[in-house]
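Just so we're on the same page: letters track the sequence lines, and every chain starts at 1. Below, all heavy atoms of this structure are taken into account, side chains as well, without hydrogens, waters or symmetry copies.
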Amino acid sequence: MNIMSAFELSEQEIQRRESLNKLREMGINPYPADLYPVTDYATVIKDKFEEGKQVCLAGRMMSQRDMGKASFAELQDSSGRIQLYFNRDEICPGEDKTMYNQVFKKLLDLGDFIGVKGYMFTTKVGETSVHVQEFTLLSKSLKPLPLPKTDAEGRIHDAFTDPEMRYRQRYADLVVNPHVKEIFIKRTKLFTAMRQFFNDAGYMEVETPVLQPIPGGAAARPFMTHHNALDIPLYMRIANELYLKRLIVGGFDGVYEFSKNFRNEGMDRTHNPEFTAMEIYVSYKDYNWMMDFTERLLEHCAMEVNGSSETTFGEHKINFKAPYKRVTMRQSIIDFTGFDIDGKSEDELFNAAKGMGIAVDTTMGKGKLIDEIFGEKCEGNYIQPTFITDYPKEMSPLCKEHRDNPELTERFELMVCGKEVANAYSELNDPIDQRERFEEQVRLAEKGDDEAGQFIDYDFLRSLEYGMPPTSGMGIGMDRLIMYLTNNPSIQEVLFFPQMRPEVHTVKVELSDNEKVIFDIIQKEKTMDLNALKMQAGLSGKQWDLSIKALTKQGLLKVTKNGDALTAELL
RNA sequence: GAUUCCGUAGCUCAGCUGGUAGAGCAAUACACUUUUAAUGUAUGGGCCCUGGGUUCGAAUCCCAGCGGGAUCACCA
């Protein structure tokens, strides 16, 4: 054991390494290569209990209760936990009791992976357990898990709750917090349910580029990278919309993609730099059809994930049962402010918004002003799933103009708990109109509207010129949806590895300047009075204290006490 | 980006108006052949986030930094 590792490892980590070495000395490989013939799972054999049934299972040992010549332990596998019963004379039928006394009781630690063979039985107290006849160490754990305990009333003690540690060490979080694992199982169920729904409808899952020469389909700051061979800049996608539409041009009836998108913007409890959107495009449909489709989809997903269309989010009970209310944006604003935006000029909208106490400025166009009013006064009121329809044209450069009103678009957003969950259009397929809308966006961007797109994707326009059938498209924020379905207010809870600032490791190897000062003085004297040394060093009280402690700890210096006199001695 | 709270043993947390650190669980040792937050006895374990300052003396007070949480701002 050298000094360095003594500094880095805790007492328990050192002990576990020593156990590891002892096991090796006994000829037990702590990391065997051979497969373990698992035939059973903890919760399955508990639920379908058969007295005396032979079982073989593997997992982590999560608790140990030593009763002398018998012991109880708990094994945790992917399905859950089951109690194990170890009896010394059955584990070790002969004279040699090493496997029980040494290996099981001393050298195994909580968190170790073991395999056990034995038979099912029920203890006196009524706990279904495995009577172990043979156990095998499958993998040694060198770091103690942050292990919570659950008492008789089901209360959890010493829960591993620190969000920073849970996110940075998600592997440990998943081992000790079963409810966290449950969130991610539901997340995968959601994806499966959606795939199934789309596939049953006859639509095709596709993959489109993550590295894009022009980051289109949304307005957001992209992550930039560089391709060396081509010597060109590339962008991580902020959306996949324009590529999926190209595929509709190519003749597919319906295409969808679960798209990891990347946006170089702020992070908070609802935003992560990379997140997952699902987008689907179906030809010969419009946004009215898409509303029917979306509400059926979400009802199906809620049922598959939670077994019910109802779910709880914070203080709200949400019901995803179709159909959902449909409200135009105009009507919504009338409902909550009494103001009718229809036919109003930019000035009238500006004054109306200002009158409502909304922070406005002169760069805002009609669309932006309407959006602000809606966002401030209406959005938050829609708790149950509600479609808000017919958005102003200016805000929706990829959306078809409304069939009855040229100032509006055929767009809807699905609001749940006052937040947007889905966004859909009757897709704009007029290539000339699309070109003009892109050019308008560039003008807005040049004027300083940082929400407008700065790039024109001419290849996309070319594809539209070949002709795109009438199409409706819809996007869902998957992270946000799973937050609702699992009652989590934070996106970090539904991502395995949310983005975090990297950990910094500062390993102090050399002596600090202050420590050197003290060390240099005492090196000449070998031993001297502690107070004299302090005087000579001329350090502040805190610096002195820290430095002398550090030197003592590193074994370079020793302080001895004789009566009142303190003496420092060089070692 | 702003405000605010937090950072102490492997984990969860105490630590008062400044006097060189405590508990429970976990660990180590011993006892115990159906326990289950097992129990009993004993023992070990701390860069008190980092750096600076005030002070005879700082985990504690002050300043700065780092990391995290919450709220707000931003967010097609």
Tell me: CD of A:Glu13 to P of B:U28, nearest whole Å? 14 Å
Classify A:Glu11 by what it touches in the nucleic acid, base, sugar-phosphate, or nothing, heavy-atom distance under 4.0 Å. base
Mind checking A:Asp162 for me? I need base, sugar-phosphate or nothing, with any heavy atom below 4.0 Å counting as a touch. sugar-phosphate
Just to confirm, is there a sub-4.0 Å distance from OP1 or OP2 of B:U35 to any side-chain nitrogen or oxygen of A:Arg65? no
Below 4.0 angstrom, N of the basic side chain to O of the carboxylate: do A:Arg166 and A:Glu493 qualify? yes
With a 4.0 Å cutoff (strictly under), does any side-chain N or O of A:Arg501 reach OP1 or OP2 of B:G67? yes
Salt bridge present between A:Lys368 and A:Glu394 (N-O < 4.0 angstrom): no
Which part of the nucleic acid, if any, lies within reach of A:Lys106 when heavy atoms closer than 4.0 Å are counted: base, sugar-phosphate only, or nothing? sugar-phosphate
Kindly indicate whether the side chain of A:Gln441 and the base of B:A76 share any N or O donor-acceptor pair separated by less than 3.5 Å? yes
Just the rounded figure in Å: distance from C1' of B:U39 to NZ of A:Lys149. 11 Å
Spacing between A:Gln76 atom CD and B:U36 atom P, to the nearest angstrom: 21 Å
What does B:U3 pair with, Watson-Crick or G-U, if both distances are under 3.5 Å? B:A70
Sugar-phosphate only, base, or nothing, as touched by A:Arg168 at under 4.0 Å among non-hydrogen atoms: sugar-phosphate
In whole Å, what is the span from the NZ atom of A:Lys69 to the P atom of B:U39? 20 Å
Atom pair distance, as rounded to whole Å: CE in A:Met165 and P in B:G67: 17 Å
For the side chain of A:Asn272 and the backbone of A:Gln499, is there at least one donor-acceptor N/O pair under 3.5 Å apart? yes
A:Asp109 has an atom CG; how far is it from atom C1' of B:U28, in whole Å? 11 Å
In whole angstrom, give the distance that lies between atom CG of A:Asp66 and atom P of B:C30. 10 Å
Side chain of A:Pro144: nearest nucleotide among B:G10, B:C75, B:G69? B:G10
Between A:Glu257 and A:Tyr243, is there a side-chain donor-acceptor contact under 3.5 Å, judged purely by atom types and distance? no
Do A:Glu439 and A:Arg437 sit within salt-bridge range, that is, some charged N less than 4.0 Å from a carboxylate O? no
